[in-house]
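For the single chain, residues carry numbers from 1 onward in sequence order.
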Amino acid sequence: MSELEALFSAAAPASSGAAADKLAKKTAIKQEKIHLVDMRRANNCEIMLTKVKVPLAEVISGVLALDPAVLDTDQVENLIKFCPTKEEMDMLRNFTGDKDTLGKCEQFFLEMMRVPRIEAKLRVFSFKILFSQQISELRDNLLVVNNASRQVRESLKLRRVMQTILSLGNALNSGTARGSAIGFKLDSLLKLTDTRARNNRMTLMHYLCKVVADKLPELLDFDKDLQDLEAATKIQLKSLAEEMQAVSKGLEKVEQEIAMSENDGPASAGFRQVSKEFLKTAESEVRALASLYLEVGRNADSLAQYFGEDPARCPFEQVISILFNFMKMFKRSYEENTKATEMEKKKAEKDAKDAERERMKSSPKEIDRKRSLQDRKEADATFSPLRSRIG
């Protein structure tokens, strides 16, 4: 028995003990990770890092080089959200234990802390990535406002349509104090559909379209002079001002961080060089854009003045909206006139055909034909009995 126990009985407990020791060691290793950051923030940070999918060392070098090939806009914005706060940095600096035992979020924060003012540099990075698109969109919108203002002022067809409206208004108000007006309020254009004829079948807008179609047909396509009017209705000058201000502030932040990084030593040398090159180009573009912005402001104000309106009471957006709605109403009324004319034409043609049929029915030849047919019927009725007897 002693030989049997020595060979078999003692083996199982020894093996079980070794396995238990290994499991205990693994559990201890897992439990050794220390978390200093709030668990919810730490978990969100770890999720963010799985989306970045770039080693931390490359992330840092990409930020310092402002290299969009390493990080895109979304990744940079996520990194900004998870920059360590002052409290978190102080907590990590005061940690005296083995830093290798810290969690993933803490390790990430430590890596970020190696770069002076990492959040400011990330914001410069984000601004640089978005700069070209932001400037391009802002320039396009400014040009739309400029073009719309110019097209309205230079359209001779629109001017003649306005003169026609003034003439109609004076004719309607003839004999009254308002019958010799030299102009009208711009928002009166939208009231042309409110004035209806006595028969209630036509508005003053319909009549305007009829007059233009009959006497001034070359003005019917005045909307072709105003190609950028619709696009201009979607632009707010206040938004353009805010975008210009954001660009200017962005450049100021770049300048500030370049100045601050002068004391960083070699760590920020690459960042300073790339930032200075970017700043030089960006400042030139922003100066040109600022000049265009001032020109747009003057042209937008002059558009209201062109119609005798006060820009403070009737701003650019209101002028453009009124003109665009008038243009749509004019076009719709003209189409309704055209449809009504076609219906009247078809009705007239039908009435003419019906009248022709009635006329043919009452013509001498038709009357003789009907009389002859009636005589034949009467003769048949009279002589048919005799024919049957003779037969």
S.K.: Would you say the side-chain atoms of Ser126 and Glu77 include a donor-acceptor pair closer than 3.5 Å?
M.R.: yes
S.K.: For the residue pair Leu56 and Phe108, what are the closest heavy atoms and their distance?
M.R.: CD2-CD1, 3.2 Å
S.K.: Mind checking side chain to side chain contact (heavy atoms under 4.5 Å, CB included) for Ala148 and listing every partner two or more places apart, or none if nothing turns up?
M.R.: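 Testing Ala148 for side chain to side chain contact (heavy atoms under 4.5 Å, CB included), a comparison that skips the adjacent residues, returns Asp228, Ala232, Ile320.
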S.K.: Among Asn43, Asn44, Val37, exactly one meets side chain to side chain contact (heavy atoms under 4.5 Å, CB included) together with Arg40. Which residue is that?
M.R.: Asn44
S.K.: Is there a side-chain hydrogen bond (donor to acceptor under 3.5 Å, both in side chains) between Gln133 and Glu137 once you walk through the steps?
M.R.: CA-CA 6 Å; Gln133 180 183 350; Glu137 291 177 356; 3.1 Å; yes
S.K.: Apply salt bridge (Lys or Arg N to Asp or Glu O under 4.0 Å) to Glu243 and list each qualifying residue two or more places apart in sequence or on a separate chain.
M.R.: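 By the salt bridge (Lys or Arg N to Asp or Glu O under 4.0 Å) rule, Glu243 matches no residue at all.
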S.K.: Between Ser155 and Leu158 (side chain of the first, backbone of the second, donor and acceptor by atom type, cut-off under 3.5 Å), is there such a pair?
M.R.: yes
S.K.: Given 3.5 Å as the limit, does a donor-acceptor pair link the side chain of Thr195 with the main chain of Leu192, or not?
M.R.: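 Not confirmed, Thr195 side chain does not pair with Leu192 backbone.
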S.K.: Restricting to non-hydrogen atoms, name the atom on Val152 and the atom on Leu303 that form the minimum distance, rounded to 0.1 Å.
M.R.: CG1-CD1, 3.6 Å
S.K.: Considering residues, nucleotides and ligands other than Lys104, do more than 12 of their heavy atoms fall under 6.0 Å from its NZ?
M.R.: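 No.
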S.K.: Above 12 or not: heavy atoms from other molecules or residues under 6.0 Å from NZ of Lys99?
M.R.: yes
S.K.: Would you call Lys157 and Glu218 a salt bridge, using N to O less than 4.0 angstrom?
M.R.: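 Salt bridge: no.
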S.K.: What about Phe109 and Phe82, are their ring centers closer than 6.0 Å?
M.R.: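 No, ring centres 6.0 Å or more apart.
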S.K.: With sequence neighbours excluded, tell me which residues meet side chain to side chain contact (heavy atoms under 4.5 Å, CB included) with Val59.
M.R.: Val52, Val54, Val63, Leu71, Leu79
S.K.: For Leu36, enumerate each residue passing the side chain to side chain contact (heavy atoms under 4.5 Å, CB included) test, keeping only those at least two apart in sequence or located in another chain.
M.R.: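 With neighbours one apart ignored, the set is Ile34, Met91, Leu92, Phe95, Leu102, Glu106.
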S.K.: Would one find more than 12 heavy atoms of other residues, nucleotides or ligands at under 6.0 Å from atom CE of Met48?
M.R.: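 Buried by this count: over 12 neighbours within 6.0 Å.
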S.K.: Minimum heavy-atom separation for Met162 to Phe184, with atom names?
M.R.: O-CE2, 3.6 Å
S.K.: Identify, with sequence neighbours excluded, every residue that meets ring-ring contact (aromatic ring centres under 6.0 Å, His included) alongside Phe316.
M.R.: none
S.K.: Taking salt bridge (Lys or Arg N to Asp or Glu O under 4.0 Å) as the definition, give me every residue that meets it alongside Arg201, ordered by chain and number, with sequence neighbours left out.
M.R.: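 Residues passing salt bridge (Lys or Arg N to Asp or Glu O under 4.0 Å) with Arg201: none at all.
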